[in-house]
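Beneath this line is the structure, given in structure tokens, with notes to follow.
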Amino acid sequence: MKVIIAEKPSVGREIAKVFGATNKKDGYIEGKGYTFTWAFGHLLQLAAPQEYGFYGWNVQNLPMLPQKFKLAIRKVKTKDGLVDDPGVKKQLNIIKTLFDEATEIIVATDAGREGELIFRYIYYYLKCKKPFKRLWISSQTDAAIKDGFRNLKPGADYDSLFNSAHCRSQSDWLVGMNATQALSLSAGTRSVLSLGRVQTPTLAMICARYIEHKNFVPQNFYQVVIQPDKDGQAFKAVSVTNFKTKEEAEAVLQLVEPTCTIENVEAKPRKEPPPLLHDLSSLQQEANKRKGFTADQTLTLLQNLYENKLVTYPRTGSRYIGDDVFAGVPQLIAGFTEHVEFGKQAIILTSAKLNKRSVNAKKVTDHHAILPTGEKPNHLTDDQQAIYDMVAGRMLEAFHADCIKEITKITILSGTKFLASGTVIQTAGWRAVFNDKDEEKKDEENATLPAVKPGEILPVTAKDILEKQTKPKPLYNEASLLKALETAGKEIDDDELRQAMKDSGLGTPATRAAIIETLLKRDYIAREKKNLVPTSTGLSVYNVVKDQRISQAELTGAWEKRLEEIRSGASVSAFQEEIKVYTRAITQELLQAGKGMALK
DNA sequence: GCAAGGTC
């Protein structure tokens with residue numbers, strides 16, 4: 001019997017379906033001489049410190065450097081503390097029974113570093129010795145699965161990938177556990193002051209932005225505004241020059257004449273392509289902007305829709321689909337012609353040529369962009385419906401035509417030079433789906449401008465001075481923080497480190513919401529209206545670590561670079577030794593630094 | 001009491 005193991009039930013069932021296996025059992029499916037089973041993500045984790053004899057939180061134990069790491073069943077919090085997750089334990093037993101009967105295992109966990117780790121941790125924990133082969137596919141359509149099974153790889157081909165994954169896991173444990181205990185113990189607080197490769201740079205970003213925002217000194221500046229009139233249609237034009245003082249602006253205001261002369265008219269059409277399909281992060285950002293949902297709420301709602309088979313896999317980092325999935329899009333769109341809000345646009349799209357901007361198989365990673373499945377939803381809560389509509393609406397937008405705008409700029413002379421600008425949407429294209437108002441318009445932006453010609457002279461019907469202030473960068477909110485985590489590392493000076501991080505950023509789509517929740521739980525940050533601001537505890541921790549590597553995105557860049565080298569065959573022990581050295585150093589440093597912390 | 005990673 002061959003056993004196929006997937007990362008999660010949805011994939012296991014999908015593969016079983018392709019094989020035509022239908023005999024559903026508890027935790028697996030049988031048929032056609034195969035058995036299909038699955039994990040629930042990571043079933044196993046590196047064991048807690050006490051499993052290596054490091055009892056309590058004690059300076060004597062630091063740094064904790066286990067000789068050999070152990071694996072433990074994933075834990076769940078109960079009133080009696082942490083216990084083995086019963087669902088995980090059960091599934092692990094099912095997998096063990098199946099592996100014991102197997103002649104061969106086929107590894108069908110997600111095609112990536114963590115997918116490899118999920119399987120290997122199970123395999124080694126169960127002390128399994130059966131031969132295994134690897135299914136390596138980047139799309140879960142029938143054709144891709146069949147093709148993948150015709151091209152199964154030897155399991156050992158992915159040993160180096162496992163090595164890099166194992167190093168990632170151990171390194172996070174070593175640095176995170178030791179740094180956390182070192183700081184908590186030296187600060188002498190009863191509470192946990194956690195630190196980690198991802199959470200600490202995230203905290204640092206929030207704190208740095210907050211401090212910059214608070215210390216920002218706004219500068220006043222002044223502009224002169226006039227209102228020319230063309231046959232009864234008045235519009236606004238603003239001085240090209242900004243003035244530092246009100247006096248300068250007033251002097252120029254005096255120069256404005258009763259009439260003005262049109263100097264130049266420039267009208268340019270601009271094509272605005274539709275947005276890409278949603279990945280998890282972009283959807284979390286949009287839901288935060290539109291509905292004020294937190295990243296965590298959006299993920300929960302989306303997971304719920306996914307479990308009800310209404311949307312495709314949610315924790316994706318890709319905003320593209322392959323041609324195979326695209327083939328099913330017209331039918332999906334046709335399913336929305338009755339939709340209250342955007343049925344009309346769905347009807348338009350059924351007879352239009354679809355925009356293929358979001359279609360690119362090369363940019364599909366483990367999972368493709370989020371789409372509705374075509375199943376009809378019923379009895380959704382308002383919040384679920386809102387998220388579902390964002391997924392469906394985005395699909396309609398993404399395959400819609402460009403929005404065509406005309407951008408007009410008129411330069412005008414009257415004592416000084418003025419500029420009037422206006423934007424007119426000529427063809428709404430994808431913008432018709434949600435019909436949202438444009439991003440906040442400046443007061444002096446004109447909706448439409450009258451037709452004028454160079455040389456034309458118009459009366460000036462009003463003039464005034466605008467008093468303005470330079471603005472600081474806004475505080476982070478969940479949407480802008482998620483974006484910043486995604487793009488973290490883009491500004492690293494070192495070319496190689498920047499390159500190593502370019503496709504990842506900080507954290508992963510699946511973990512970013514949890515990282516924000518951790519910072520909230522530690523009382524490092526708080527929600528203030530829609531913003532995320534540091535607490536006094538958060539600022540104190542930031543002050544201790546801000547100049548250390550653990551608070552910089554570069555640390556992830558450096559690790560990613562070394563992990564990639566390991567994946568292509570470099571020495572594992574050399575990196576492990578570096579991590580030990582670093583762990584010793586940061587532990588020592590924090591044992592000292594925490595003493596000076598000013599905590600209430 | 002602690003990391004980051006995956007998922008129900």
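Here is the naming used below: chain letters follow the sequence lines, and residue numbers restart at 1 for every chain.
The shortest distance between the side-chain N/O atoms of A:Gln199 and the OP1/OP2 oxygens of B:dA3 is below 4.0 Å. Phosphate proximity of B:dA4 to A:Arg512: absent, as no side-chain N or O sits under 4.0 Å from OP1 or OP2. Neither OP1 nor OP2 of B:dA3 sits under 4.0 Å from any side-chain N or O of A:Thr180. Contact check, A:Thr511 against B:dA4: no side-chain N or O comes under 4.0 Å of OP1 or OP2. Taking only side-chain nitrogens and oxygens, A:Gln181 never comes nearer than 4.0 Å to OP1 or OP2 of B:dC2. When the side-chain nitrogen and oxygen atoms of A:Arg113 are compared with OP1 and OP2 of B:dA4, none of them lie within a distance under 4.0 Å. Not one side-chain nitrogen or oxygen of A:Arg168 sits closer than 4.0 Å to the OP1 or OP2 atom of B:dA3.
Distances were taken from every side-chain heavy atom of A:Ile515 (C-beta onward) to each of B:dC2, B:dA4, B:dC8; the shortest belongs to B:dA4. The side chain of A:Phe40 approaches B:dC8 more closely than any other nucleotide in the set B:dC2, B:dC8, B:dG5. Considering only the side chain of A:Pro9, B:dT7 comes nearest among B:dG5, B:dT7, B:dC2.
Backbone-only engagement by A:Gly507 is indicated by non-hydrogen atom pairs under 4.0 Å involving sugar-phosphate atoms exclusively. Note on A:Leu195: only backbone sugar-phosphate atoms sit closer than 4.0 angstrom, heavy atoms only; bases stay farther off. Residue contacts for A:Phe119: at a heavy-atom cut-off of 4.0 Å it reaches no nucleic acid atom on any strand shown. Using a 4.0 Å heavy-atom cutoff across all strands shown, A:Val198 reaches sugar-phosphate atoms only and no base atom. Within the nucleic acid shown, A:Gln45 comes within 4.0 Å of at least one base atom, counting heavy atoms only. In this structure, A:Ser191 reaches the bases: a heavy-atom distance under 4.0 Å links it to at least one base atom across the strands shown.
Going from atom CG of A:Leu43 over to atom C1' of B:dC8 covers 11 Å, rounded to whole Å. Rounded to an integer number of Å, the gap from CG of A:Asn178 to P of B:dA4 is 13 Å. With rounding to whole Å, A:Leu301 atom CG is found 17 Å from B:dT7 atom C1'. Atom P of nucleotide B:dG5 and atom CD1 of A:Ile122 are separated by 19 Å, given to the nearest angstrom. For the pair A:Glu7 CD and B:dG5 C1', the interatomic distance rounds to 10 Å; values are reported in whole Å. The NZ atom of A:Lys75 sits 15 Å away from the C1' atom of B:dG1 (whole-angstrom rounding). Going from atom CZ of A:Arg13 over to atom C1' of B:dC8 covers 11 Å, rounded to whole Å. What separates OH of A:Tyr524 from P of B:dC2 is a distance of 11 Å, to the nearest Å.
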Exercise. When you look at A:Ser571 and A:Ser573, which way does the side chain to side chain donor-acceptor pair (under 3.5 Å) test go after all the steps?
Worked result: CA-CA 6 Å; A:Ser571 154; A:Ser573 56; 3.3 Å; yes
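Ring geometry for A:His42 versus A:Tyr121: interplanar angle of 30 to 60°, hence tilted. Ring geometry for A:Phe162 versus A:His166: interplanar angle under 30°, hence parallel rather than tilted (30 to 60°).
Across the interface with DNA chain B, nearest-nucleotide mapping of A:Asp172 and A:Tyr313 shows A:Asp172 to be the residue nearer the 5′ end. Position along DNA chain B of the nearest nucleotide to A:Trp57 versus A:His367 favours A:Trp57 as the more 5'-ward residue.
Open room surrounds CD on A:Glu496; 12 or fewer heavy atoms of other groups in view lie less than 6.0 Å from it.
Note: A:Met597 CE to A:Ser184 OG = 9.0 Å, rounded to the nearest 0.5 Å. To the nearest 0.5 Å, atom CG of residue A:Asp296 and atom CD of residue A:Glu517 are 4.0 Å apart.
Checked by atom type, the side-chain pair A:Thr518/A:Gln199 shows no donor-acceptor distance below 3.5 Å.
Per the stacking criterion (ring centres < 5.5 Å, plane angle < 30°), A:Trp173 does not stack onto the base of B:dA4.
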